Amino acid sequence: MLEITRIRTAKDELVEGLKKRGVDYSEKLDEVIQLDEKWRSKKAERESIQSESNKLSKSIGQLFKEGKAEEANAAKERSAELKTQEHALKEEVNELETQIQHLLYEIPNVPQSIVPAGVSEDDNEVVEEHGSKPTFSFDPKPHWELANELETIDFELGVKVTGAGFPFFTGKGAKLQRGLINFFLDEADKAGYTEYIPPLVVNEASGIGTGQLPDKEGQMYHVVEDDLYLIPTSEVPLTNIYRDSIIKDEGFSIKMTGYTPCFRREAGSYGKDVRGLNRLHQFDKVELVRVEHPDRSEKALEEMVDHVKVLLEKLELQYRVLRLCGGDLGFTSAITYDFEVYSAAQERWLEVSSVSLFETFQANRLKLRFKGEDKKTQLCHTLNGSALALPRIVAALMENHQNEDGSITIPEALRGHVGFDKI
RNA sequence: GGAGAAAUGGCAGAGCGGUUGAAUGCACCGGUCUUGAAAACCGGCAUACCGAGAGGUAUCGGGGGUUCGAAUCCCUCUUUCUCCGCCA
């Protein structure tokens with residue numbers, strides 16, 4: 001959610017920035033400004049009536065004490081009048097607040113200046129490509145075939161027990177999952193992130209805090225009976241730890257990590273995009289979440305990008321880094337770097353990580369602030385990034401490290417964690 | 001799931017219809033004293049919003065109500081604790 005003071009003071013700049021998303025928000029922002037003006041004047045009006053009413057009440061108390069019942073009763077009548085007025089104004093003010101709130105929920109974050117304009121993924125900017133695509137002396141098989149032959153992942157069993165998009169991992173396939181999770185968590189630990197095991201379901205307030213709600217509830221599984229949501233990423237519970245809080249220390253830097261399964265409804269997906277492990281309703285992910293001082297958030301973003309690069313290099317995977325264009329940028333993000341690994345058999349790039357800086361956009365909704373030297377409270381910056389999402393990593397590992405005899409070689413760095421060097 | 005009790009500032013804890021945004025203690029910050037520290041004493045110390053400012057308004061778990069006036073009374077929701085039941 002954009003800060004209203006920012007909209008008031010720098011509207012043109014925001015409109016310009018938002019154009020990179022391919023949408024003109026000037027009318028919406030104007031509407032916000034107009035409603036906000038009205039809101040402030042109504043609020044002032046209401047408060048002056050409240051003020052008068054408060055004073056009157058005090059004097060009534062005084063009059064009764066002094067035994068001046070008649071005067072007191074006259075004041076009571078006046079007080080009742082004020083009350084009627086105050087009630088009407090209260091409703092107007094509340095109505096305006098709701099309207100403003102709804103409008104603000106519809107306005108996405110403003111892309112940073114280096115974010116390219118664009119409307120689709122074709123406009124994303126490749127900022128780095130690492131390694132060369134693997135070559136084979138034989139026809140590499142897609143991971144779903146390998147998984148079937150090696151009995152590491154059972155998609156059909158998942159369909160039977162739950163439905164499409166909920167595979168079983170078995171034997172060495174399951175151990176590989178466990179090893180990867182440990183590997184990622186250990187790397188995060190070494191980089192100074194505190195590990196959390198958060199709840200896998202969250203309440204509505206948390207969904208709003210990180211921007212999944214309102215309007216994007218289609219992405220999440222909703223437990224209607226208890227009004228709770230299955231998390232689509234551990235970003236939600238981790239970031240919401242700091243909802244409604246004020247950090248006292250000026251030099252803070254909060255670094256959290258957590259492994260969780262993630263649940264996504266992903267309505268409307270089809271075809272090769274959802275084949276095998278490419279897109280699941282339930283998948284495992286290790287996430288990094290940071291809360292930073294605005295002056296240090298850029299550096300934090302760089303650190304996170306570097307962290308992900310190292311992971312992919314240790315896994316001996318070819319990857320590229322994309323700076324997402326305005327149109328492809330998430331609603332809450334100011335800048336996002338996507339990491340894609342090359343899948344040798346599918347001959348396509350698969351997204352395995354997304355590292356984003358939200359600036360104050362989430363913090364504003366979360367009411368996540370810090371108190372600086374000057375005693376002023378101001379909004380923190382939040383960041384997060386996957387490090388990493390498992391399924392596509394597994395797909396790439398299987399496809400890119402497959403051997404002619406149908407086996408798969410486990411990268412050196414992972415062997416200690418999975419306990420074997422081949423599948 | 002059943003029965004009770006409770007929710008007040010960073011913490012502890014008063015207040016139970018009228019100058020109470022809230023006593024008191026601890027913690028914290030500033031000062032006096034001291035060679036320095038401790039102690040003692042003095043002062044300060046919640047959050048949000050509106051306002052150029054003076055100042056105003058709101059907030060005693062959340063929401064609603066009664067009343068001229070609510071931290072105090074009523075309703076409701078949430079949470080916590082105790083007891084009983086069930087259970088990994």
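Since the model is a prediction, treat every value here as computed from it, not as a measurement. Numbered from 1 within each chain, the chains take letters A, B, ... in sequence-line order.
In terms of phosphate contacts, A:R40 brings a side-chain nitrogen or oxygen within less than 4.0 Å of OP1 or OP2 of B:rG51. Between A:S53 and B:rG69 there is no side-chain polar atom (N or O) within less than 4.0 angstrom of OP1 or OP2.
Of the charged side-chain nitrogens involved, at least one lies within less than 4.0 Å of a carboxylate oxygen, so that A:E86 and A:R46 count as a salt-bridged pair. A salt bridge links A:K299 with A:E303: the closest approach of a Lys/Arg side-chain nitrogen to an acidic carboxylate oxygen falls below 4.0 angstrom. Using a 4.0 Å cut-off between charged side-chain N and carboxylate O, A:R6 and A:E13 make no salt bridge. Note on A:R78 versus A:E52: salt bridge recorded, some NZ/NE/NH1/NH2 to OD/OE distance being below 4.0 Å. Between A:E16 and A:K19, at least one side-chain nitrogen of the basic residue sits less than 4.0 Å from a carboxylate oxygen of the acidic one, meeting the salt-bridge criterion.
The side-chain hydrogen bond (donor to acceptor under 3.5 Å, both in side chains) with A:S354 is formed by just one residue from the set A:N384, A:D338, A:T336; it is A:D338.
Geometric assessment of A:K172 against the ring of A:F420 yields a positive cation-pi assignment under the 6.0 Å and 45° thresholds.
Comparing the same atom, P, in B:rG15 and in B:rA23 gives a spacing of 14 Å after rounding to whole Å. Atom P of B:rU82 sits at a distance of 25 Å from the matching atom of B:rU76, rounded to the whole Å. Between B:rG43 and B:rU79, the distance separating the two P atoms is 44 Å to the nearest Å. Distance noted for atom P between B:rC42 and B:rU24: 12 Å (whole Å). If you take atom P in B:rA39 and the same atom in B:rG31, they sit 16 Å apart, rounded to whole Å.
Put simply, NZ on A:K42 is 18 Å from C1' on B:rG51, counting in whole angstrom units. The interatomic distance linking A:N203 (CG) with B:rC77 (P) rounds to 18 Å, in whole Å. In this structure, the CH2 atom of A:W39 is 12 Å from the C1' atom of B:rG51, given to the nearest Å. In this structure, A:L368 atom CG and B:rA48 atom P are separated by 13 Å, rounded to whole Å. Atom CD1 of A:I49 is separated from atom C1' of B:rC50 by 15 Å (rounded to the nearest Å). Distance CG (A:N364) to C1' (B:rC49): 14 Å, rounded to an integer number of Å. Here B:rG10 presents its P atom at 13 Å from CG of A:D244, a figure rounded to the nearest Å. Distance, A:Q378 CD to B:rU47 P: 15 Å, rounded to whole Å.
Using cut-offs of 30° and 60° on the angle between ring planes, the pair A:F252 and A:H293 is tilted. A:F339 and A:Y319 have tilted rings, their planes meeting at an angle from 30° to 60° on a 0 to 90° scale.
Across all non-hydrogen atoms, the minimal contact from A:V115 to A:G326 is CG1-N, 3.7 Å.
Remark: A:Q177 pairs with A:D284 by the side-chain hydrogen bond (donor to acceptor under 3.5 Å, both in side chains) rule, at least two apart or across chains. For A:R40, the side-chain hydrogen bond (donor to acceptor under 3.5 Å, both in side chains) criterion is met by A:D36, not counting sequence neighbours.
Under 3.5 Å, the side chains of A:H143 and A:E399 contain a donor-acceptor pair of N or O atoms.
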Would you give a per-nucleotide map of nucleotides 53-59 of chain B, 5' to 3', where B means the base has a protein non-hydrogen atom under 4.0 Å away, S means only the sugar-phosphate does, and - means neither? ---BBS-
Readout for nucleotides 16-22 of chain B: B = base within 4.0 Å of protein heavy atom, S = sugar-phosphate only, - = neither; 5' to 3' it is --B----
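Within the 4.5 Å cutoff, side-chain heavy atoms of A:L388 are placed close to those of A:V308.
Secondary-structure annotation of RNA chain B gives the stems B:1-7 with B:78-84, B:10-12 with B:24-26, B:28-32 with B:40-44, B:46-50 with B:55-59, B:61-65 with B:73-77, with a stem taken as at least 3 successive Watson-Crick or G-U pairs whose two distances both fall under 3.5 Å.
Near RNA chain B, defined here as any heavy-atom distance below 4.0 Å, the residues from residues 75-88 of chain A are A:K76, A:S79, A:K83, listed numerically.
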